[in-house]
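Let me begin by presenting the structure, written as structure tokens, before commenting on it.
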Amino acid sequence: MVPRAHQLRSRPMADMKTAWKAIVARALAEYVRQKGLSLSLPAADGIVVERPPKPELGDLGIPMFPFAKLLRAGPNQVAQALAEIIAADPESSGLGAAVAEGPYLNVRLARRPELSRILDAALSPGWGKTQSLSGHRVMVEFSSPNTNKPLHLGHLRNNILGESLSRILRAAGAEVRSINHINDRGIHICKSMLAYMRLGGGRSPADEGLKSDHFVGKYYVLFNELKEKEPGIEAEAQDLLVRWEAGDAEVRDLWQRMRTWVLEGIAQTYARTGVQFDLYDYESDTYELGKDIVLKGLESGVFYRESDGSVWCDFEDIGLDTKVFLRKDGTSLYITQDLGCAVDRHDSWPYDRLVYVVGNEQQYHFKVLFEALGRLGYDWARDLHHLAYGMVNLPSGRMKTREGTVVDADDLVDEVSALAKAEIEAKGREDLVGNLDAVAEKIALGAIHYYLLQVAPAKDMLFDPAASLSFNGDTGPYIQYMGARATSILRKHGAGEGNARKGKADPGKLSGDSDWALLRLVSGLPEVIDAAAAAMDPSVLAAYLYGLASGFSTWYRENPVLNCADFDVAASRLDLVSAVKRSLEAGLALIGIPFLESM
RNA sequence: GAGGCAAUAGCUCAGCUGGAUAGAGCAUCAGAUUGCGGAUCUGAAGGUCGGAGGUUCGAAUCCUCUUUGCCUCACCA
């Protein structure tokens, strides 16, 4: 089965693998026929095709071990036999040549047709978009801040994971809705309100010259100081919550005012870091949702009532605990609300998947939530997914608000920006970059987002300030820098410099090992996007982009473009540089790293 | 105590459904620019993949046990 033309356009390298699986499967069948054996062979898509560890070994490698066992022959022998059969297969000859190397069948692809196909794809408008999830609707909930303090480093990891995931899913063809579930009610909110009532003196953020979310956060910290001297203040906060729930006008008024301050401040942080949402849920609107669902579940016997009136569900049969779903006073809990939200969301926009980007400390909660929804008869409960990410720790240990070891999001971006600015100035590039502050901030985002995304989501990570501020090596700014250099070549060409305009571009001129190696790297983008989307893991894309940038860097040191004496090669390499630039640009956009034309 | 996640180079991390000599970056050492941006490149050194068994032609990867670390096990969110 030879892949269709439009598929070849969108995923050049993946389709080559598919094509070769089919060729090998055919060769196996032929081998069996020749030997007069009768046995069932593996399906073509079950054949493992990998990439040889070294480029000299070819473009694709197929281990013969599984077949050796099946055919009761040595793997080297099988490789040899298959190579001969494939050499005689007329369909394979246009696609490349297979050579037996030890127990492996290594394929050298026919470069000339591949080169033009890859280049063609990489320079066409759809590059960086795939269809692997087309027709899918995915909801992604992330960020979910509290409205009593500003965002911190942990939120930055959450935000970029959620934002990047949303973009990757869209790039893979899915229809995505991103949701921010604002936690704007509860005892923690009342605490900052109470401290403000005591110490705020009616001042506004502007009066104190503070960003509005930082202003509110200050009072949250002050509450904890008050508590030291005045233990009774906790009860007062509780009382404030009761008044809030009762709709007390004075309390609601203050609540509204402080909430707005925080949300305005947080919105600024989202804007500067490039995070966007399609929808906002406010807990103050949704906190009573889910009660009726629990009551229905009570009727159907999914839940049971304790003698004190509280409602529970027993999960001991699946190794979990019993869990409360309604308080004895009939009020709802976190999980009650989440139950209601999930149903509401599915009613309003039936999705194929709902992803909660929430810290791994809540794994138990989501396990219970999903299980409860399933028991209540919602068959879409299996489409819910908790994307649990690990904590961001500091060299000194865990971040703790009370100990003042929290790394504030805005402060971090400011700090890294200042370093980037100093770096630009140290190199005397102020005039080259244009808007100095804007570019410095984009470099800072590149550094921070890449640092946070480079680690697989599930893992806890260490945030080492010194290392994260570095712009060298495996970092976001390194990738940005390679993008800037590629752009620089194209810019010079555009300005009339170099030999490329004297020649004629021909992909066939790029069949040398180093040009070919770089173009193969480029060709991997669509597959990586699909893999990142399937695994819901932006880190695989981050790793790919670093590899591409690094490959480009190695390549262009040895391979002149504008200065190439062979004008046709110069013109062809210019296309290759364009393809690299476009791939970096498309890929970086998906992981929230600004592309820079110069830096 | 129960459940979950993790452990790979001095440090921070990759290692896709088991496959060819376990890879990067940082740090260390040694080099490279009369050429398209040196925030770069090349090289050296650095590993009993926490430990012990098992499955397999083959294990960092799968299974069991074990050690260590983190998280959770609220009528908080």
Side-chain angles (χ1 to χ4, degrees), chain A residues 46 48 50-54 57 61 63-66 68-69 74-75 101-104 106 144 146 183 185-188 283 287 306 308-312 319-321 323-329 331-335 337-338 359-365 367 388 390-391 393 395 398 420 423-424 426-427 429 432 443 451 454-456 458-464 466-468 470-475 477-478 480-482 484-493 497-500 531 535 539-540 542-543 546-547 550 553-554 556-564 570 573 577 598-599:
Chain A
V48 174
E50 52 197 29
R51 201 173 166 154
K54 291 205 284 192
L57 290 170
M64 294 292 110
F65 305 101
K69 191 171 185 186
E101 264 149 327
Y104 291 85
N106 288 334
S144 308
N146 292 316
N183 298 302
R185 107 189 170 102
I187 189 70
H188 52 296
E283 198 191 325
Y287 78 103
E306 275 291 347
D308 66 359
S310 53
V311 177
W312 296 71
L320 303 175
D321 264 328
K323 188 86 189 167
V324 65
F325 278 77
L326 271 184
R327 290 197 186 93
K328 62 186 169 203
D329 62 7
T331 55
S332 65
L333 292 132
Y334 177 40
I335 189 138
Q337 176 190 209
D338 268 0
N360 62 9
E361 70 270 16
Q362 293 201 37
Q363 277 176 122
Y364 185 75
H365 169 78
K367 211 179 261 185
M391 323 209 59
N393 295 312
R398 195 177 169 174
E423 185 85 10
I424 294 168
K427 295 178 191 307
R429 288 192 189 144
L432 189 69
I443 293 170
Y451 190 87
Q454 136 211 61
V455 180
K459 294 197 175 184
D460 285 355
M461 64 180 288
L462 186 79
F463 185 84
D464 178 356
S468 65
S470 158
F471 302 142
N472 305 324
D474 186 3
T475 66
Y478 171 91
Q480 290 174 311
Y481 178 64
M482 290 310 154
R485 295 186 78 168
T487 307
S488 176
I489 293 172
L490 297 169
R491 184 170 41 227
K492 290 207 156 130
H493 170 77
E497 295 178 38
N499 296 336
S539 75
V540 307
Y546 174 70
S550 169
S553 184
T554 302
Y556 95 139
R557 181 167 190 83
E558 302 296 327
N559 298 279
V561 182
L562 299 180
N563 300 332
C564 186
R573 282 188 180 153
V577 173
S598 58
M599 61 188 277

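Keep in mind the model is a prediction, meaning the values are calculated, not measured. What you see below is based on every heavy atom in this structure, not just the backbone, and it leaves out hydrogens, waters and symmetry mates. Quick note on labels: first sequence line is chain A, next is B, and so on, each numbered from 1.
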Could you tell me how far [M] sits from [N] if I compare only their [atom1] atoms? Round to whole Å.
N      : M      : atom1 : value
B/rA45 : B/rA24 : C1'   : 16 Å
B/rG46 : B/rU28 : C1'   : 10 Å
B/rA59 : B/rU8  : C1'   : 14 Å
B/rG15 : B/rA7  : C1'   : 15 Å
B/rG18 : B/rA60 : C1'   : 10 Å
B/rA14 : B/rA2  : C1'   : 33 Å
B/rU12 : B/rA27 : P     : 15 Å
B/rC29 : B/rU21 : C1'   : 24 Å

Determine whether a donor-acceptor pair (N or O, by modelled atom type, separation under 3.5 Å) exists between the side chain of [X] and the backbone of [Y].
X        : Y        : answer
A/Tyr451 : A/Asp464 : yes
A/Asn183 : A/Ser144 : yes
A/Asn499 : A/Ala570 : no
A/Thr331 : A/Arg327 : no
A/Asp460 : A/Met391 : yes
A/Gln362 : A/Gly359 : no

Residues which pass side-chain contact (heavy atoms from CB on, under 4.5 Å) with [X], listed by chain and number, not counting sequence neighbours:
X        : answer
A/Gln337 : A/His181, A/Glu283, A/Thr286, A/Tyr287, A/Tyr334, A/Cys341
A/Asn106 : A/Pro52, A/Leu57, A/Glu101, A/Tyr104, A/Arg108
A/Ala486 : A/Phe552, A/Val577, A/Lys581

Can you tell me which nucleotide in [options] comes closest to the side chain of [X]?
X        : options                : result
A/Asp308 : B/rC75, B/rA77, B/rU40 : B/rC75
A/Val455 : B/rC73, B/rA14, B/rU42 : B/rA14
A/Lys69  : B/rC13, B/rC57, B/rA7  : B/rC57
A/Ala456 : B/rC41, B/rA39, B/rA14 : B/rA14
A/Ile489 : B/rC36, B/rC75, B/rA39 : B/rC36
A/Lys459 : B/rA39, B/rC76, B/rA6  : B/rA6
A/Pro52  : B/rA20, B/rU40, B/rC75 : B/rA20
A/Leu462 : B/rG35, B/rC75, B/rU12 : B/rU12

Taking any heavy-atom pair under 4.0 Å as a contact, classify [X]: base, sugar-phosphate, or nothing.
X        : value
A/Thr554 : sugar-phosphate
A/Ser598 : base
A/Leu326 : nothing
A/Gly390 : nothing
A/Tyr478 : sugar-phosphate
A/Pro395 : nothing
A/Asp338 : nothing
A/Met461 : sugar-phosphate
A/Ile443 : base
A/Phe471 : base

Between A/Asn106 and A/Arg491, which is nearer to the 5' end of RNA chain B once each is assigned its nearest nucleotide?
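Its nearest nucleotide being more 5', the pick is A/Asn106.
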Here's a test of your reading of the structure: between A/Gln454 and A/Lys54, which maps to the more 5' nucleotide of RNA chain B?
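Its nearest nucleotide lies further toward 5', so the answer is A/Gln454.
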Protein-nucleotide distance ([X], atom [atom1]; [N], atom [atom2]), rounded to Å:
X        : N      : atom1 : atom2 : value
A/Met599 : B/rA39 : CE    : C1'   : 6 Å
A/Lys328 : B/rA74 : NZ    : P     : 16 Å
A/Lys323 : B/rU72 : NZ    : P     : 12 Å
A/Arg51  : B/rG18 : CZ    : C1'   : 20 Å
A/Glu558 : B/rU40 : CD    : P     : 17 Å
A/Leu57  : B/rA20 : CG    : P     : 11 Å
A/Asn563 : B/rG35 : CG    : P     : 9 Å

Heavy atoms, side chains only, cut-off 4.5 Å: are [X] and [Y] in contact?
X        : Y        : result
A/Phe463 : A/Asn393 : no
A/Lys69  : A/Pro75  : no
A/Tyr478 : A/Tyr546 : yes
A/Phe471 : A/Ile443 : yes

Between protein and nucleotides 69-71 of chain B, what N or O pairs are separated by less than 3.5 Å?
unit_1, atom_1, unit_2, atom_2, d
B/rC70, O2', A/Asp460, OD2, 3.4
B/rC71, OP1, A/Arg398, NH1, 3.3

When you compare the protein's N or O atoms with those of nucleotides 23-32 of chain B, which come within less than 3.5 Å of each other, and at what distance?
unit_1, atom_1, unit_2, atom_2, d
B/rG25, O2', A/Asp474, N, 3.2

If you compare all heavy atoms of A/Ala456 against all heavy atoms of A/Ser539, which two are closest, and at what distance to 0.1 Å?
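A/Ala456 and A/Ser539 have their closest heavy atoms at CA-OG, 3.8 Å.
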Presence of [X] side-chain N/O under 4.0 Å of [N] phosphate oxygens OP1/OP2:
X        : N      : result
A/Lys367 : B/rC73 : no
A/Lys427 : B/rA39 : yes
A/Tyr481 : B/rA39 : yes

Where RNA chain B forms stems, i.e. three or more consecutive Watson-Crick or G-U pairs with both distances under 3.5 Å:
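Listed by first number, the stems are B:1-7 with B:67-73, B:10-13 with B:23-26, B:28-32 with B:40-44, B:50-54 with B:62-66.
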Applying side-chain contact (heavy atoms from CB on, under 4.5 Å), run through A/Val324 and A/Leu333 and close with a yes or a no.
CA-CA 8 Å; A/Val324 65; A/Leu333 292 132; 4.0 Å; yes
Classify the side chain of A/Ser310 versus the base of B/rC75 as yes if they form a donor-acceptor pair under 3.5 Å and no if they do not.
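Side chain to base: pair present.
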